[in-house]
2 protein chains.
Amino acid sequence: MTPLPPDLFDELCPSSLLPFRFGDKWAALVLRCLEDGPRRYSELRVPLRRVTPKVLTQSLRGLERDGFVARTVRPGPPRSVEYALTPLGRSLLGPLYAACAWAAEHWDELLDARDPA
Amino acid sequence: MTPLPPDLFDELCPSSLLPFRFGDKWAALVLRCLEDGPRRYSELRVPLRRVTPKVLTQSLRGLERDGFVARTVRPGPPRSVEYALTPLGRSLLGPLYAACAWAAEHWDELLDARDPA
DNA sequence: CCGTATCCATTGTGATACTG
DNA sequence: CAGTATCACAATGGATACGG
């Protein structure tokens, strides 16, 4: 049983640990929507219909700022805006899938833990 | 380029996607503190010295409720309380490490994206 | 079509101080 | 030793409505 390092915080700040924790509830879902290629704003709203435009935009801006997603405006009219994964964003899909696989595998246990019905 | 499913939300709700997103900033760090064996409350406060007792307790209660961590009181005096990973909690370490590895590998890109100095 | 503006409820974070 | 009590503050998350 190895002793804990004296200051794990300096070694691993919380934000460094979790790029998954974009501070954003929808970010991961948006990434998965983009995995097969670029999508337009309105295309994203369909599968994510529970999210309001404001919140979707918030998510997209965050992902753009962090370099996971690229935004391209194609002038119109009618104009369209495409969102696509950057290489960085695509590289995150691996760990993200690992997380999803884990969740799927342990879904029952998670439910039981929260609500031992 | 496959079309998006009509309702990705029904298929993958946000909370299902991210067990990482405990809704808690310190949870992942706590799990890592426990990876080598049970720890007492005061032992956890050392490496995580930036977190106040209230917040650490909050984190631990959340992890306990979700079945990641088990709390054991050993009566005293002086009494001690040990926190340990459950099998479920331990199983989460795999994906968690994958995320950490990804973050380490792409750390420079992340910094550049946020602050293109 | 692709968002923005407002407003509000809720939750997360934290400092500080105190207790069985 | 292992927490709790209080208070305060910031940041989401979301509903609704409007704009270029």
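Just so we're on the same page: letters track the sequence lines, and every chain starts at 1.
An OP1 or OP2 oxygen of dT12(D) is reached within less than 4.0 angstrom by no side-chain nitrogen or oxygen of Trp26(A). Applying the 4.0 Å criterion to OP1 and OP2 of dG3(C), one finds that Tyr83(A) has a side-chain N or O inside that range. Residue Arg61(A) places at least one side-chain N or O closer than 4.0 Å to OP1 or OP2 of dT4(C). When the side-chain nitrogen and oxygen atoms of Lys25(B) are compared with OP1 and OP2 of dG14(C), one or more of them lie within a distance under 4.0 Å. Between Arg40(B) and dA2(D) there is a side-chain polar atom (N or O) within less than 4.0 angstrom of OP1 or OP2. Using a 4.0 Å cut-off, no side-chain N or O of Arg45(A) falls inside it from OP1 or OP2 of dG3(C). In this structure, Arg71(A) reaches the dG3(C) phosphate: one of its side-chain N or O atoms is under 4.0 Å from OP1 or OP2. In this model, the phosphate group of dA2(D) is approached by a side-chain N or O of Ser42(B) to a distance below 4.0 Å at OP1 or OP2.
Residues satisfying the side chain to side chain donor-acceptor pair (under 3.5 Å) test with Thr52(A), not counting sequence neighbours, are none.
The nucleotide whose nearest atom lies closest to any side-chain atom of Val81(A) is, among dC2(C), dG14(C), dT6(C), dC2(C). In the set dG3(D), dG14(D), dG3(C), the nucleotide with an atom closest to the side chain of Thr52(A) is dG14(D). Of the candidate nucleotides dT4(D), dG13(D), dT13(C), dT13(C) has the atom lying nearest to any side-chain atom of Val55(B).
Residue whose closest nucleotide on DNA chain C sits further toward the 5' end, between Lys54(A) and Arg79(B): Lys54(A).
One can place CG of Leu56(B) at 16 Å from P of dG12(C), the figure rounded to the nearest angstrom. The distance between atom CG of Asp24(B) and atom P of dA11(D), rounded to the nearest whole Å, is 18 Å. Atom OH of Tyr41(A) and atom C1' of dG20(D) are 15 Å apart (whole Å). Summarising the geometry, the separation between CD on Gln58(B) and P on dT6(D) is reported as 15 Å, rounded to the nearest angstrom. For the pair Leu44(B) CG and dA2(D) P, the interatomic distance rounds to 9 Å; values are reported in whole Å.
Contact record, Leu85(B) with Glu35(B): CD1-CA, 4.0 Å, taken as the closest heavy-atom pair. Considering every non-hydrogen atom in both Ala27(B) and Ser59(B), the closest pair reads N-OG, 3.7 Å.
A donor-acceptor contact closer than 3.5 angstrom is absent between the side chains of Ser80(A) and Tyr41(A). Looking only at atom types and distance, the side chain of Tyr83(B) has no donor-acceptor partner in the side chain of Thr72(B) under 3.5 Å away.
In this structure, the side chain of Thr86(B) does not engage the main chain of Ala70(B) through any donor-acceptor pair within 3.5 Å. Put simply, the side chain of Gln58(B) never gets that close to the backbone of Val55(B): no donor and acceptor are under 3.5 Å apart. Ser91(A) places a side-chain N or O within 3.5 Å of a backbone atom of Leu88(A) that can act as its donor or acceptor partner.
Residue Arg74(B) is out of contact with every strand shown, counting any heavy-atom pair closer than 4.0 Å.
Rounded to 10 degrees, the angle separating the terminal helix axes of the helix from dC1(C)-dG20(D) to dG20(C)-dC1(D), each built from five base pairs, is 50°.
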